[in-house]
Structure formats: C-alpha cells, structure tokens
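One structure is given here, and the rest of the page talks about it.
For ligands, and for the atoms within them, numbers begin at 1 and follow the listed sequence.
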Amino acid sequence: MATPKHYVVEHLDVELEAWSKLEYLTIATETRPASSTAATDSSNNPDNIKPTFHLTSLPRELFENLPEELKGHENLDATMEEVNKLDGLKAEEVCLLDPRAEKDMCPEDGEVFKWFVFGGILGDDPPRDRTAELRKYGFTGRRLGPVQMTTDTAVRVTRLVVEEKIPLDKVPFVDFPELKISKNETTEMPFRYVKREDGTPIMPEGMVDLIKEDSNKGFLDMM
Ligand code: SAM
C-alpha cells in the first residue's frame, strides 16, 4: 500500500473566519485516507490511523476554542506548533505550494514529496503574497499555475496531480466564476476552482450560502 501523503495548512490569520472553517473541514474530509476508516489493526502501518491533515501554528486562543466540528474530525491534527515541528517530517520530503514558485507541480513530484504545505489565508484580490511568510522554512516550492486558488482548491488540485497523476494542464478548471447571490445580482469570485462536469466550481459545502450572506453585508467589496 502506498504511504499516505500529508497535507499541512499553516494557519496565518489570528482568527478563524467562517470561510476558513468550511475550507478546513472540507480539506480534512477529502484528504482522509480511504483505509483509515476500515483499518483497525495499525501494527504494520501506523499511518493508517494517523490524521493526514495537519492544521499548524494555531494561536493559543483559537487552539483552545477550535469549533467542535474541526476538533472532533478524525482526520485533523490541530497544533500550536509550526509546520517544521511536525512529528516525522523531513525537510527534503516537504513541498510548499507557492504561487510564486518557479516550477509547476507535476505527477512525478508525488514520488519525491510526502508532505504538502499550504498557506491558511483567505485569498485577496489582488493577491498580496502572504505565502511569503512560509518561505522562511526553506522547503522546495511548487506552483499550481498562475492563477490564485482558494486553499481547499489548492489541496484538491495537488491531490489530483500527485495522487491521481493527472498533469496540471489536464485538470478541468473554471476561473473567476460568477455566483448568483439574489434574483438580480451576481458576484465574481476572484479565484480558480476545479470544474465539475456540469461546469460549476467545486466549493466547500455551505460556502455558497456564506458568500450570499457576506455579500449582503457588503463583505465581498472589501476583498
Ligand atoms: N493571495 C494569496 C497570497 O497572499 O499568497 C494566495 C493565498 S491562497 C488563498 C492560499 C494558499 O493556497 C497559498 O498560500 C498557497 O499555498 C495555495 N495556493 C493558491 N493558489 C496557488 C497557486 N496558483 N500555486 C501554488 N499554490 C497556490
């Protein structure tokens, strides 16, 4: 059996926005190894029962008050430690998903890297390069193409490339989709998403409702 890959989101905000909570829940669920629910005997492969989604650098206040859905998720390891302190992590096996990296991610990277690190930041328009805060660790960087993605999309695309071995240019994308937020209004999301067969963007469950709510509050104008 292939060793499971680990996905790390280094949380870079002080608080946990409702958007990030939905993204993190989605990542925890999507990255859960199929075998983790089935395996009861871990003696031959301890990775089977270990979470593969790590949420690192949580401020104490947030760590101690993590929403129940996240705290109770079987595939979430939440910690106040920085990513480089994670148990079993070897720097040469770590890839930083970096929109400014020189090389794009390719399926062969799945043979080299076991850990994939992402910035736990809400996207901004135009992008402010907050991923820069993660370059201090010196991990090898890879880009997922030139367009900014949400964090859950970046994890989804990484998995398609390194686990499903789909080259980046074969992943179906939809850029800057328009969402209908009321009868007469639409809003454009300034991100790239993975496209479903029906042409709609894959988003965390509950995200469209949240976008509608925030949009009515004028929140999206601040992005
Ligand atoms: N505006 C952002 C910034 O300041 O860097 C991008 C943040 S994006 C919402 C969150 C994370 O997803 C990034 O830190 C990065 O790890 C990953 N990501 C998003 N788009 C990416 C891309 N095109 N290539 C590589 N990583 C990407």
Only heavy atoms of [X], strictly under 4.0 Å: list the atoms of ligand 1 that pass.
X: Arg128; value: 1 (N), 4 (O)
X: Thr131; value: 3 (C), 4 (O), 5 (O), 13 (C), 14 (O)
X: Phe118; value: 16 (O)
X: Asp129; value: 3 (C), 4 (O), 5 (O)
X: Val147; value: 23 (N)

Option with minimal heavy-atom separation from atom 19 (C) of ligand 1, where the choices are Arg192, Glu10, Arg143, Met149: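 Comparing heavy atoms across Arg192, Glu10, Arg143, Met149, the nearest one to atom 19 (C) of ligand 1 lies in Met149.
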Under 3.5 Å side-chain donor-acceptor pair for [X] and [Y]:
X: Glu30; Y: Tyr7; answer: no
X: Glu82; Y: Thr56; answer: no
X: Ser20; Y: His11; answer: no
X: Thr153; Y: Thr150; answer: yes
X: Asn75; Y: Thr52; answer: yes

If we ignore hydrogens and angles and just use 3.5 Å, is the side chain of [X] paired with the main-chain N or O of [Y] as donor and acceptor?
X: Arg142; Y: Lys103; result: no
X: Asp109; Y: Met105; result: no
X: Lys212; Y: Ser215; result: no

Part of Leu96 with heavy atoms under 4.0 Å of ligand 1, whether side chain, backbone, both or neither: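 Within the 4.0 Å criterion, Leu96 makes no contact with ligand 1.
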Just to confirm my output: which protein heavy-atom neighbour is closest to [atom], and how far is it?
atom: atom 24 (N) of ligand 1; value: Leu144 N, 2.8 Å
atom: atom 11 (C) of ligand 1; value: Gly119 O, 3.4 Å
atom: atom 27 (C) of ligand 1; value: Pro99 CG, 3.8 Å
atom: atom 12 (O) of ligand 1; value: Ala154 CB, 3.7 Å
atom: atom 10 (C) of ligand 1; value: Thr151 OG1, 3.2 Å
atom: atom 3 (C) of ligand 1; value: Arg130 N, 3.2 Å
atom: atom 1 (N) of ligand 1; value: Gln148 OE1, 2.5 Å

Lys/Arg N to Asp/Glu carboxylate O, Lys21 vs Glu17, below 4.0 Å: no
May I ask you to check if ligand 1 and [X] share an N or O to N or O distance below 3.5 Å?
X: Leu122; value: no
X: Leu97; value: yes
X: Gly145; value: yes

Heavy atoms of other groups near Asp169 CG, more than 12 under 6.0 Å: yes
Verdict with supporting geometry, Leu55 and Leu76, side-chain contact (heavy atoms from CB on, under 4.5 Å): CA-CA 7 Å; Leu55 194 51; Leu76 175 67; 3.8 Å; yes
